[in-house]
Amino acid sequence: MNEIDRRTLLRGAVLGAVAGTALGAAGLAGAAPMRRAPAAVRDADVIVVGGGMSGLAAAKALRSAGRRVLVLEARERAGGRVHNVSTLGGVSVDGGAEFLGPTQDRIAALATEYGVTTLPTYNQGESVFWIEDVAHRVPAAVPLPVLPGTAETAAALAEIDLTAVGFPVGEPWRHRDAAYLDSITWQDWIDSHARTYEGRLFLALAESAPLSVRPHELSALFMMNYFASAGNERNPGSFERLLSVEGGAQERFFDGGAALVPLRMAATMDEAMVYGAAVRSISQLPGGALEVASARGTFTADKVIVAMSPAISDRIDYRPGLPADRTELCRGYTMGRIAKFLAIYDRPFWRDNGLSGQVIGDGTPIDVTYESYGGGHAVLMGFISADAMAALDPVPDQDFVDRCLDSFVRYFGPEARTRLVDHGFKKWDDDPWSWGGPTATTRPGILTRFGPSLREPVGGIHWAGTETADFWQGYMDGAIRSGERAAAEILVV
Ligand SMILES: Cc1cc2nc3c(=O)[nH]c(=O)nc-3n(C[C@H](O)[C@H](O)[C@H](O)COP(=O)(O)OP(=O)(O)OC[C@H]3O[C@@H](n4cnc5c(N)ncnc54)[C@H](O)[C@@H]3O)c2cc1C
């Protein structure tokens with residue numbers, strides 16, 4: 001069978017699957033399509049490129065409105081950065097997104113719709129701030145230890161929260177101080193608001209934990225938008241909601257893993273999902289159709305939604321090329337560098353020692369930990385972030401595991417090694433369809449110059465992905481919002 005025959009067969013099979021239409025059957029038999037002249041026939045009304053939370057949310061909304069949709073997903077699974085991995089012993093744990101919290105209404109609604117229940121994150125006992133090799137224990141409900149830098153941190157947090165009120169969320173380039181804030185790094189902002197070592201450390205937590213970059217790598221405007229984004233239409237974002245467990249983004253987790261949500265969503269639209277379909281190019285054809293070339297064949301549609309990070313979307317070849325501002329914008333976004341390490345224990349020994357399992361560490365290599373879950377097991381989860389992760393990217397897996405366990409032993413004592421029964425990890429930096437995580441960020445000078453291109457459609461191409469969200473940008477909730485927004489753009493036309 002030659003390539004053309006294979007493509008015809010594949011297209012027929014996919015078309016036949018799309019709602020079982022006569023159109024698909026005609027494609028398989030090689031006969032003329034029944035409803036429209038061949039030149040006008042599209043494989044779908046809308047092709048969604050990427051089957052992560054944003055792409056699935058877009059596809060769901062479009063299908064509900066009666067549109068024929070194909071989702072072309074490069075991997076052999078749905079979910080993107082929401083992914084369960086197995087430990088060595090076969091326990092399923094969250095390798096990517098894990099938590100949800102108040103004002104994350106969209107992910108909460110989908111979890112309910114697809115029958116995925118949530119459980120509270122363990123937040124009792126004491127948490128540890130590990131500062132210059134000294135463990136400062138504070139009750140888990142207290143956000144910061146009382147140290148010389150606490151007062152100036154509190155003043156800076158008050159300023160951040162004030163800035164978040166009325167902030168043009170999702171369009172930070174419209175803020176009255178945008179030019180200034182986008183001319184400095186988050187480190188510059190910290191330095192101008194905190195003089196003590198502890199104050200600077202506490203403020204730097206804001207980006208190391210949720211973004212996996214260091215403060216000098218990040219525009220202060222990006223960071224302010226991120227704080228403002230940690231809310232919804234009725235509740236302005238805040239530092240505390242972004243970083244807290246109780247009342248914050250880490251408040252709850254999904255029983256069975258966050259990935260149950262995208263996997264169940266994808267299962268309900270199975271006939272629209274095409275896996276292993278890495279998209280190589282998107283061409284705008286004369287007459288308005290778009291042609292999408294993928295590893296599973298070439299498909300046409302009236303519209304395309306590219307549902308992924310802007311840091312990834314410019315790996316696709318666009319014909320004609322995208323406007324220069326859109327290209328510059330994509331080049332200005334960089335994925336964070338991140339891995340998760342999960343250690344399974346015979347019992348939650350940290351609880352016996354009065355600890356919550358939450359540590360703000362020193363990043364050698366684990367910088368933040370939480371008690372996690374996995375099929376009823378006692379689990380400690382640690383993030384390896386930013387330059388600490390970059391340093392470990394080339395290290396063999398066993399060395400990586402040993403270094404992570406060293407961190408746990410320092411934070412939780414020798415039982416972190418002696419009581420270990422199983423472990424797992426997920427490195428995201430070399431994962432070809434994510435290239436890092438949890439999200440992409442910008443350095444100074446990108447948002448004010450090229451920001452308006454973030455969501456601006458180019459011909460028939462629309463943009464989704466959590467990075468394009470207004471509220472909860474960088475989170476599952478933001479991904480869903482972005483997908484629904486991109487679908488709405490198409491539905492109003
Ligand atoms: C370690 C980690 C921890 C996190 N923790 C949390 C958390 O606790 N809570 C939370 O809310 N969020 C968390 N996040 C962030 C959350 O996972 C993301 O915000 C969200 O999943 C992004 O969804 P998306 O659809 O925008 O992008 P993605 O999930 O990246 O989806 C993009 C999809 O496009 C596909 N793709 C890429 N290129 C192509 C191509 N050329 N052709 C076809 N398909 C392609 C990819 O395979 C992928 O499936 C975490 C992320 C990570 C990595």
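A quick note: this is a predicted structure, and the numbers were derived from the prediction, not measured. Whatever order the structure lists them in is the order used to number ligands and atoms, beginning at 1. Residues: numbered from 1 along the sequence shown.
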With the threshold set at under 4.0 angstrom, would you say [X] reaches ligand 1 through any of its heavy atoms?
X	result
Leu72	yes
Gly483	no
Gly478	no
Ala307	yes
Ser434	no

From the options [options], select the one whose nearest heavy atom is closest to [atom].
atom	options	result
atom 41 (N) of ligand 1	Val261, Val279, Val48	Val279
atom 18 (C) of ligand 1	Pro210, Ala479, Gly474	Gly474
atom 39 (C) of ligand 1	Arg75, Met308, Gln473, Gln250	Met308

Pairs touching residues 248-269 that satisfy ring pair (Phe, Tyr, Trp, His ring centres under 6.0 Å), sequence neighbours left out: Phe253-Tyr373
Salt bridge (charged side-chain N to carboxylate O under 4.0 Å, His left out) between Asp470 and Arg481, worked out: CA-CA 8 Å; Asp470 46 12; Arg481 284 169 169 273; 3.6 Å; yes
Look at [X] together with [Y] and state whether they make a salt bridge at an N to O cut-off of under 4.0 Å.
X	Y	answer
Lys340	Glu98	yes
Asp431	Arg81	no
Asp45	Arg68	yes
Asp362	Arg410	yes

Under-4.0 Å heavy-atom contact with ligand 1, by part of Trp428 that carries it: side chain
Atom 5 (N) of ligand 1 - nearest protein heavy atom and its distance: Ala97 CA, 3.3 Å
Within-cut-off N or O pair, Met53 and ligand 1, under 3.5 Å: yes
